[in-house]
Amino acid sequence: MRIDRERLTPTNAPLVGFGGTKVFPLGAITLSMTACDYPQQITREVTFLVVDCSSAYNAILGRPTLNSWKAVTSTYHLMIKFPMEYEVGELRGNQIVARECYIAILEMEDQQQMMCIRKQRALAELVEELEEVSLDDTRPERTTRIGTLASWLVRQTLTTFLKDNQDVFTWSHEDMPGIDPSVMVHKLNVSPSFPPIRQKKRVFAQKRDKAIIEEVRKLLEEDFIREVYYPNWLANVVMVKKANGKWRMCVDFTDLNKACPKDSYPLLRIDTLVDSTARHQLLTFMDAFSGYKQIKMEESNQEKTSFVTSQGLFCYKAMPFGLKNAGATY
């Protein structure tokens with residue numbers, strides 16, 4: 001609006017977001033605002049707080065303004081109604097513009113998260129240098145990294161040990177046979193008093209939907225999921241941004257988990273695990289490659305894990321994240 005900063009009235013009250021973040025306004029300004037078209041028209045003096053931040057909206061009306069208008073809002077109808085001298089004024093929104101603003105906000109959040117990730121990477125410092133070690137001279141892609149703070153003798157012993165036992169490692173999902181179902185499968189104990197629930201399919205922005213398509217393709221290739229057609233239980237996927245900026249696809253098993261009682265088997269306390277490392281020279285943070293996926297779902301329970309995407313309906317053949325008691329089974 002090209003308003004000079006000299007017209008702003010200083011203010012010290014910060015705006016606080018849901019996450020506790022504070023934004024200090026540049027100042028406040030009172031402007032004459034006209035809403036609706038003649039004859040259902042209202043003109044009022046409105047005081048705005050001016051902030052310097054990216055947003056898909058040029059201005060936001062707060063509760064004090066809406067209260068002064070005696071306005072009634074309906075987010076479902078995208079409409080505001082307010083009393084006038086002889087009639088009721090109406091201010092209607094636009095569904096297409098509202099959707100465009102929502103998508104613009106999501107893209108801004110993605111850009112801000114990527115900037116934060118870059119800053120964190122720039123500030124992160126390695127505790128020690130890592131040495132890349134080849135475990136198979138005939139297959140150069142089979143490498144690992146070990147720390148250099150250990151003595152040369154310890155590093156050589158560790159390297160020899162890894163080379164002699166490289167057959168226990170999986171380098172791709174094809175190398176991962178998983179746990180034999182006769183040894184362990186994950187079972188769902190669904191209470192018969194809970195009726196099956198089919199969640200209505202959610203619509204995702206283009207970037208998220210593209211990530212869902214890619215993840216479904218990978219899961220099908222790795223034989224972790226299969227297509228289903230008429231499941232009784234159906235859940236939506238939820239996209240979560242990972243620390244590296246990529247998307248993680250999760251499934252909203254909220255309704256299914258409500259129908260399952262909790263397994264109260266106590267897991268080991270973290271202080272017990274830490275104490276058990278005493279008097280050992282080496283500590284490994286090795287993670288089991290797709291550990292959850294190595295445990296199969298019981299065949300009769302597979303369709304209860306069904307989820308919906310733009311590519312169709314699928315269910316898990318392997319134990320997925322998000323299921324109640326999956327941690328206890330693992």
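Counting from 1, the numbers follow the sequence of the chain as shown.
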Please test Leu313 against Glu227 for side-chain contact (heavy atoms from CB on, under 4.5 Å), starting from the C-alpha separation and ending with a verdict.
-> CA-CA 6 Å; Leu313 308 180; Glu227 193 170 8; 5.7 Å; no
Walk me through it: do Glu131 and Arg155 pass the test side-chain contact (heavy atoms from CB on, under 4.5 Å)?
-> CA-CA 10 Å; Glu131 176 187 4; Arg155 297 205 306 272; 3.3 Å; yes
Which is it for Arg145 and Glu132 under the salt bridge (Lys or Arg N to Asp or Glu O under 4.0 Å) test, yes or no, and what are the steps along the way?
-> CA-CA 4 Å; Arg145 292 183 295 173; Glu132 189 163 350; over 6 Å; no
Check the pair Ile29, Thr9 against side-chain contact (heavy atoms from CB on, under 4.5 Å), reporting the backbone distance first and the verdict last.
-> CA-CA 6 Å; Ile29 188 171; Thr9 303; over 6 Å; no
Step by step, work out the salt bridge (Lys or Arg N to Asp or Glu O under 4.0 Å) result for Arg217 and Glu221.
-> CA-CA 6 Å; Arg217 182 191 64 79; Glu221 290 179 354; 2.6 Å; yes
Go through Val308 and Phe314 one step at a time and tell me if the side-chain contact (heavy atoms from CB on, under 4.5 Å) criterion holds.
-> CA-CA 7 Å; Val308 57; Phe314 304 91; over 6 Å; no
For salt bridge (Lys or Arg N to Asp or Glu O under 4.0 Å), just list the numbers for Arg198 and Asp255, CA-CA rounded to whole Å, side-chain angles, deciding distance to a tenth of an Å, and then say yes or no.
-> CA-CA 9 Å; Arg198 299 184 186 92; Asp255 297 319; over 6 Å; no
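Side chain of Asp263 to main chain of Ala328: no donor-acceptor pair is present (N/O by atom type, distance under 3.5 Å, no hydrogens or angles). Within the 3.5 Å criterion, the main-chain N or O of Ala205 finds no donor-acceptor partner in the side chain of Asp209. In terms of modelled atom types and a separation under 3.5 Å, the side chain of Asp136 and the main chain of Arg142 share no donor-acceptor contact. A donor-acceptor contact shorter than 3.5 Å links the side chain of Thr329 to the backbone of Asn325. Remark: side-chain polar atoms of Thr65 are not paired, donor with acceptor, to backbone N or O of Leu61 under 3.5 angstrom. The backbone N or O of Leu135 sits less than 3.5 Å from a side-chain atom of Gln166, completing a donor-acceptor pair.
Heavy-atom neighbours of Lys187 NZ from other residues, nucleotides or ligands within 6.0 Å: at or below the threshold of 12. By the neighbour-count criterion of 12 heavy atoms within 6.0 Å, atom CZ of Arg7 is sparsely surrounded, having that number or fewer from other residues, nucleotides or ligands.
Looking at every heavy atom in both residues, Val228 comes nearest to Ser306 through CG2-OG, 3.6 Å. Closest non-hydrogen pair, Leu220 versus Arg226, comes out as CD2-CA, 4.4 Å. Contact record, Lys324 with Cys260: NZ-O, 2.8 Å, taken as the closest heavy-atom pair. Here the shortest heavy-atom pairing between Gly27 and Leu8 reads CA-CB, 4.2 Å. Nearest heavy atom pair, residue Leu256 against residue Leu188, reads CD2-CD1, 4.0 Å.
Annotation: side chain of Val190 is in contact with side chain of Trp233 (closest heavy-atom distance under 4.5 Å). Side-chain contact between Asp252 and Arg202 is present, with at least one heavy-atom pair separated by less than 4.5 Å. With a 4.5 Å cut-off on side-chain heavy atoms, Thr43 and Ser32 count as touching.
Put simply, Met319 and Phe253 are part of the same group of oily side chains (I, L, V, M, F, W, Y) that touch within less than 4.5 Å, one to the next. Under the 4.5 Å side-chain heavy-atom criterion for grouping Ile, Leu, Val, Met, Phe, Trp and Tyr, Leu66 is connected to Val46 within one hydrophobic cluster. Both Leu219 and Phe321 are assigned to one and the same hydrophobic cluster, defined by single-linkage of ILVMFWY side chains at heavy-atom distances under 4.5 Å. Residues Val251 and Phe194 are members of separate hydrophobic clusters, defined by side-chain heavy-atom contacts under 4.5 angstrom among Ile, Leu, Val, Met, Phe, Trp and Tyr. No path of Ile, Leu, Val, Met, Phe, Trp and Tyr side chains, each step under 4.5 Å between heavy atoms, connects Phe24 with Leu49, placing them in separate hydrophobic clusters.
Thr143 and Ser134 share no donor-acceptor pair across their side chains, judged by distance under 3.5 Å alone. Checked by atom type, the side-chain pair Glu303/Asn232 shows no donor-acceptor distance below 3.5 Å.
One distance of note links CD of Gln294 with CZ of Phe224; it measures 8.0 Å at 0.5 Å rounding. Taking CH2 of Trp247 as the start and CZ of Phe204 as the end, the distance is 10.0 Å to the nearest 0.5 Å. Taking OG1 from Thr73 and CG from Leu78, the interatomic distance works out to 10.5 Å, rounded to the nearest 0.5 Å.
Aromatic ring orientation, Phe307 versus Tyr316: tilted (interplanar angle from 30° to 60°).
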